A.B. asks: 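One structure coming up, written as structure tokens, with questions to follow.
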Number of protein chains: 2
Amino acid sequence: MTMQALVPVFAALGDETRWSILAALGEGDASASALAGRLPVSRQAIAKHLAVLQEVGLVEPVRVGREVRYRVVGSELSATAHRLDAIGAEWDRRLAAIKEIAEGL
Amino acid sequence: MTMQALVPVFAALGDETRWSILAALGEGDASASALAGRLPVSRQAIAKHLAVLQEVGLVEPVRVGREVRYRVVGSELSATAHRLDAIGAEWDRRLAAIKEIAEGL
DNA sequence: GTTACCTGCAACTTGATGGTTGCAGACTCT
DNA sequence: AGAGTCTGCAACCATCAAGTTGCAGGTAAC
């Protein structure tokens with residue numbers, strides 16, 4: 001159970017560049033330098049984004065020799081999705097209850 | 001089908017104050033002024049947040065006399081959750097494939 | 001018609017964030 | 001040992017976002 005603080009996870013997912021990084025990592029684990037070769041931003045910018053992603057558990061570092069590769073943690077994505085879905089369902093339930101009252105049932 | 005641009009939705013959900021507003025709206029529809037009475041921020045700040053939430057379809061305005069009440073759109077939350085879940089599942093699938101290759105199966 | 005209240009617009013402050021460049025340190029490999 | 005390359009740290013810039021205050025415009029109610 002990761003149980004990250006939800007809101008920071010969304011904040012991390014609310015940036016296009018970070019999604020580009022996640023998408024690139026989907027092709028296989030890669031280091032900040034390798035990613036900088038594929039994306040139109042500097043290595044340091046990518047390093048910062050990776051730090052943010054790691055902070056909320058969306059990505060994890062793996063040392064391979066002298067480089068640090070990053071891997072997407074798909075389960076964190078799924079966990080976040082499920083928590084969000086539960087919240088959405090809760091709201092739907094409440095709305096349905098209100099609707100019933102409004103319709104005099 | 002709302003089909004909002006995903007990333008902006010996450011950006012909208014990546015703010016604590018916005019969650020406070022959503023939570024308060026969960027108690028029942030309310031206007032910006034009413035929310036300002038319950039939350040520790042100014043009405044205008046809340047109005048801006050509501051604009052952001054409306055922009056991505058998480059909330060919708062309802063005129064009631066001279067005031068504008070807002071209602072949470074739970075379905076948008078659920079839709080976002082399902083899309084995120086699909087992405088997470090896709091990553092898990094890929095990781096599983098990579099793992100199989102790595103284990104020489 | 002006034003009074004009162006609620007919304008909407010504008011200007012401004014401030015802190016966070018996305019981005020850059022430059023440099024120092026560490027590790028590999030020949 | 002030396003060359004090359006990868007990481008990490010720091011300073012810095014610019015833009016955006018969250019928040020504020022103040023004011024003008026409607027709309028409801030008495």
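Within every chain, numbering begins at 1; the chains are lettered A, B, ... in the order of the sequence lines, protein sequences first and strands thereafter. Since the model is a prediction, treat every value here as computed from it, not as a measurement.
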A.B. asks: What distance do A/L25 atom CG and A/R38 atom CZ have between them, rounded to the nearest 0.5 Å?
C.D. replies: 8.0 Å
A.B. asks: Does a sphere of radius 6.0 Å around CD in A/E55 hold more than 12 heavy atoms from other residues, nucleotides or ligands, not counting ones at 6.0 Å or beyond?
C.D. replies: no
A.B. asks: For A/R43 and C/dG22, what is the distance between atoms CZ and P respectively, to the nearest whole Å?
C.D. replies: 13 Å
A.B. asks: When you match A/P40 and A/R63 each to their closest nucleotide on DNA chain C, which lands nearer the 5' end?
C.D. replies: A/P40
A.B. asks: If I take atom CZ in residue A/R69 and atom C1' in nucleotide D/dT7, what distance separates them, rounded to the nearest angstrom?
C.D. replies: 14 Å
A.B. asks: Measure from CD on A/E55 to P on C/dG18 and round the result to the nearest Å.
C.D. replies: 13 Å
A.B. asks: What's the spacing between B/L84 CG and B/L6 CG if we round to 0.5 Å?
C.D. replies: 7.0 Å
A.B. asks: Using OP1 and OP2 only, check whether a side-chain N or O of B/S33 sits under 4.0 Å from C/dC5.
C.D. replies: no
A.B. asks: Taking the basic N atoms (NZ, or NE/NH1/NH2) and the acidic carboxylate oxygens, is any pair closer than 4.0 Å for A/E16 and A/R18?
C.D. replies: no
A.B. asks: Select one nucleotide: of D/dT7, D/dG19, C/dG18, the one nearest the side-chain heavy atoms of B/H49.
C.D. replies: D/dG19
A.B. asks: Send over the distance from B/I46 CD1 to C/dT7 P, rounded to a whole Å.
C.D. replies: 11 Å
A.B. asks: Would you mind telling me which residue lines up with the more 5' stretch of DNA chain C, A/R66 or A/A45, judged by nearest nucleotide?
C.D. replies: A/A45
A.B. asks: Answer yes or no: does a side-chain N or O of B/S42 lie under 4.0 Å from OP1 or OP2 of D/dT20?
C.D. replies: yes
A.B. asks: Rounded to whole angstroms, how far apart are NZ on A/K48 and P on D/dA11?
C.D. replies: 13 Å
A.B. asks: Of the nucleotides C/dT7, D/dA18, D/dC6, which has the atom closest to the B/D15 side chain?
C.D. replies: D/dA18
A.B. asks: Would you classify A/R18 as touching base, sugar-phosphate or nothing, given that sugar-phosphate means primed atoms plus P, OP1 and OP2, and contacts are heavy atoms under 4.0 Å?
C.D. replies: sugar-phosphate
A.B. asks: What's the CG-P distance between A/L13 and C/dG18, to the nearest Å?
C.D. replies: 12 Å
A.B. asks: Provide, to the nearest angstrom, the distance between the CD atom belonging to B/E16 and the C1' atom belonging to D/dA18.
C.D. replies: 14 Å
A.B. asks: Measure the spacing between NE2 of B/H49 and CG of B/L53 and express it to the nearest 0.5 Å.
C.D. replies: 8.5 Å
A.B. asks: Provide, to the nearest angstrom, the distance between the CD atom belonging to A/Q44 and the P atom belonging to D/dC13.
C.D. replies: 17 Å
A.B. asks: Starting the side chain at C-beta, find the nucleotide from D/dG19, C/dT7, D/dT7 nearest to B/V41.
C.D. replies: D/dG19
A.B. asks: Does D/dG19 have its OP1 or OP2 closer than 4.0 Å to a side-chain nitrogen or oxygen of B/T17?
C.D. replies: yes
